[in-house]
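Following: one structure in structure tokens, then a few remarks.
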Amino acid sequence: MSGLGIHWARPELVFVLAVWAAVALVVIALDRRGSGALDRLVSSALQSALVVRPARWRRITRLALLVVSGFAMAMALLQPQMGERFVATPRVGAEIMIALDVSRSMLADDAAPSRLERAKAEVRDLLAYLRDDHVGLIAFAGRASVLSPMTPDKSFLRLALDGAGPHSVPRGGTKLSEAIDRAVSGFGDPGPAQRALILITDGEDHDSFALDAARRAAEAGIKIIAIGFGDEGGSPIFVRDPESGARVQIRDADGRPVHSRLNGDLLRELALATDGAYVPAGTGVLDLASIYDAHIAGLTRGEIDDRGRTIRDEAYQLFVAIAFVALVSGVLLVGGRSPRSGAAAAVLAALAVATTSPPEAVAQEEATSPALEAEAAEASAPVEPPAVDPRERFNRANAALEAGDPIAAAAGLRDARRDAPDDPALRYAATYNLGMAAVARADAEEAPEASLAALHEAADWFREAVALRPDEEDPRHNLEVVL
């Protein structure tokens, strides 16, 4: 999966993008639903005064940054890679050829389950120690066949080893020289890495040229590590019938039992001719760790090839950085107006925008509304003039309201309103400020019930102020805020 010069190393995780797209749609839908519910509950004119929420552009930008952050993180999970570079990775190790005797004498069961199967099991275990080495495999009897050329691929070599048997070579018998010469030719031209031949056999040889082959191997710089399987005293060769499982003894053409013995002397001579080592395995269990440490680990390791590989540069860091910047920017954009403590405090903050200054306006404003003059004419019978001028009482009450004493202010405003039946401007100003005093008292109350009762009283005074002056916006606005 690639495009625009980007290679995606984990395309199977593309479903994460779809999952995040679904989550983003849900988040956007919930935000829109919340905004719609608020619009139905509170008018747009009051939202700025009552509701602490970020500006619309902030909310839209924050959502966009959140979506971008999620998509960037999802794309980082796909492991994007951009650009390629070649990295040289020379292999350092030794070159080791394993020559395995698959002649019929290796079928003797003096080493359970047989010499050949024991040898194959030991070779499998030995491969675990040869991780950095090039290893090849030869099967030999009367002829030698290369089952695996020199390779670092131990998996292929194990497959070849599993299939090795008497059928792997076209001719029976045992010729050690065939195995040694084939190994010498299989190594190729000498290189910086030391080379060794691990010869696994019972030592039987049907010609007299094995030592000559060992000398040629020594001239080519190859050491022979001979591992001998079998009993030096000799033992008959028994094989098991693959169908019945019966144990059958092998006989020669004259019907006499065939015996096989480990020829340790010959194997020792072959190893000494190449400055190698002879390991008599006999019929017991090999100590592979000791053999490797003593005879193979000491081989000189050299650069056996100069291969390299092309790797892609990781680019997920760019997407992680984009996600981080988008997420932090979204958090910084959350800020809105700081809320004030208490429900009544929020009401006062909204009222402060709409209130006028009736104490200053009262001294100048005259009644001009016919409706207010009619109300004054219909008032109760005239009373005696008060001892204190209503306007002076009004101004004292306003001073108490500004000083933070809404109870005293409310009492003075009621007296001023009562004593000015023929002063519509004063009655309106007193009524309006009685609503303000009730709001201030609601803010000062600690009990929610008392605060709510004060707000109800404030709503009643603002309604009366609206009735006195229907054209005024301030009492209407404050009534809506209080409600």
Student check: side-chain heavy atoms of F140 and K175 closer than 4.5 Å: no
Given side-chain contact (heavy atoms from CB on, under 4.5 Å), test L161 with L147 step by step and report yes or no. CA-CA 8 Å; L161 179 64; L147 301 185; over 6 Å; no
If we ignore hydrogens and angles and just use 3.5 Å, is the side chain of K120 paired with the main-chain N or O of A164 as donor and acceptor? yes
Are the side chains of I222 and E95 in touch, meaning some heavy atoms are under 4.5 Å apart? no
Could you go through the side-chain contact (heavy atoms from CB on, under 4.5 Å) check for L211 and L270 one step at a time? CA-CA 6 Å; L211 281 175; L270 295 177; 3.8 Å; yes
Heavy-atom check, side chain of L267 versus side chain of P280, under 4.5 Å: no
Would you confirm whether R441, through its side chain, and A458, through its main-chain N or O, come within 3.5 Å as a donor-acceptor pair? no
Set out, in order, the CA-CA distance, both residues' side-chain angles and the distance that settles side-chain contact (heavy atoms from CB on, under 4.5 Å) for D162 and R124, then state yes or no. CA-CA 9 Å; D162 291 340; R124 289 190 197 95; 3.0 Å; yes
When rounded to the nearest 0.5 Å, the distance separating CG of L137 from CG of L127 is 9.0 Å
Could you tell me the separation between the CD1 atom of I322 and the CG atom of L327, rounded to the nearest 0.5 Å? 13.5 Å
Considering residues, nucleotides and ligands other than E12, do more than 12 of their heavy atoms fall under 6.0 Å from its CD? yes
Taking only Lys NZ, Arg NE, NH1 and NH2, and the carboxylate oxygens of Asp or Glu, determine whether E122 and R118 approach each other closer than 4.0 Å. yes
Does M73, at its CE atom, have more than 12 non-hydrogen atoms belonging to other residues, nucleotides or ligands within less than 6.0 Å? no
Which atom pair, heavy atoms only, marks the closest approach of E472 to P475? CB-CD, 3.6 Å
d(L100 CG, L199 CG) to nearest 0.5 Å is 9.5 Å
Do any N or O atoms from the side chain of K223 and from the backbone of G221 form a donor-acceptor pair under 3.5 angstrom? no
Backbone of V135 reached by a side-chain donor or acceptor of K154 within 3.5 Å: no
Using atom types as modelled and distance alone, determine if a side-chain donor or acceptor of S177 lies under 3.5 Å from a backbone N or O of A210. no
Please examine the side chains of I227 and I198, heavy atoms only from C-beta on, and report whether any two atoms are closer than 4.5 Å. yes
Minimal heavy-atom distance between A442 and S451, with the atoms involved, is O-OG, 3.0 Å
Taking all heavy atoms of A323 and all of S69, pick out the closest pair and write down the distance. O-OG, 3.0 Å
May I ask you to test the N478-V439 pair for a side-chain heavy-atom distance under 4.5 Å? no
For L17 and L78, what are the C-alpha separation, side-chain angles and deciding distance, and is it a side-chain contact (heavy atoms from CB on, under 4.5 Å)? CA-CA 9 Å; L17 288 172; L78 298 180; 4.1 Å; yes
Please check: side-chain N/O of D101 versus main-chain N/O of S103, any donor-acceptor pairing under 3.5 Å? yes
Please name all residues satisfying side chain to side chain donor-acceptor pair (under 3.5 Å) with R143, sequence neighbours left out, ordered by chain then number. none
Minimum heavy-atom separation for A213 to I180, with atom names? O-CG2, 3.4 Å
Any side-chain heavy atom of V184 sitting closer than 4.5 Å to one from L197? no
Sorted by chain and residue number, the salt bridge (Lys or Arg N to Asp or Glu O under 4.0 Å) partners of D265 (sequence neighbours excluded) come out as R268
Parallel, tilted or perpendicular for F319 and W8, by the 30°/60° rule? tilted
Separation between CD1 (I138) and CE (M97), nearest 0.5 Å, reads 4.5 Å
Of the non-hydrogen atoms in L65 and S329, which two are nearest, and what is the gap between them? CD1-CB, 3.6 Å
Approximate separation, where rounding is to 0.5 Å, of R195 CZ and D133 CG: 14.0 Å
Compare every heavy atom of M75 with every heavy atom of P80, then report the nearest pair and how far apart it is. CD-O, 3.4 Å
I need the L77 CG to R10 CZ distance, nearest 0.5 Å. 8.5 Å
Can you name the salt bridge (Lys or Arg N to Asp or Glu O under 4.0 Å) partners of E449, sequence neighbours left out? none
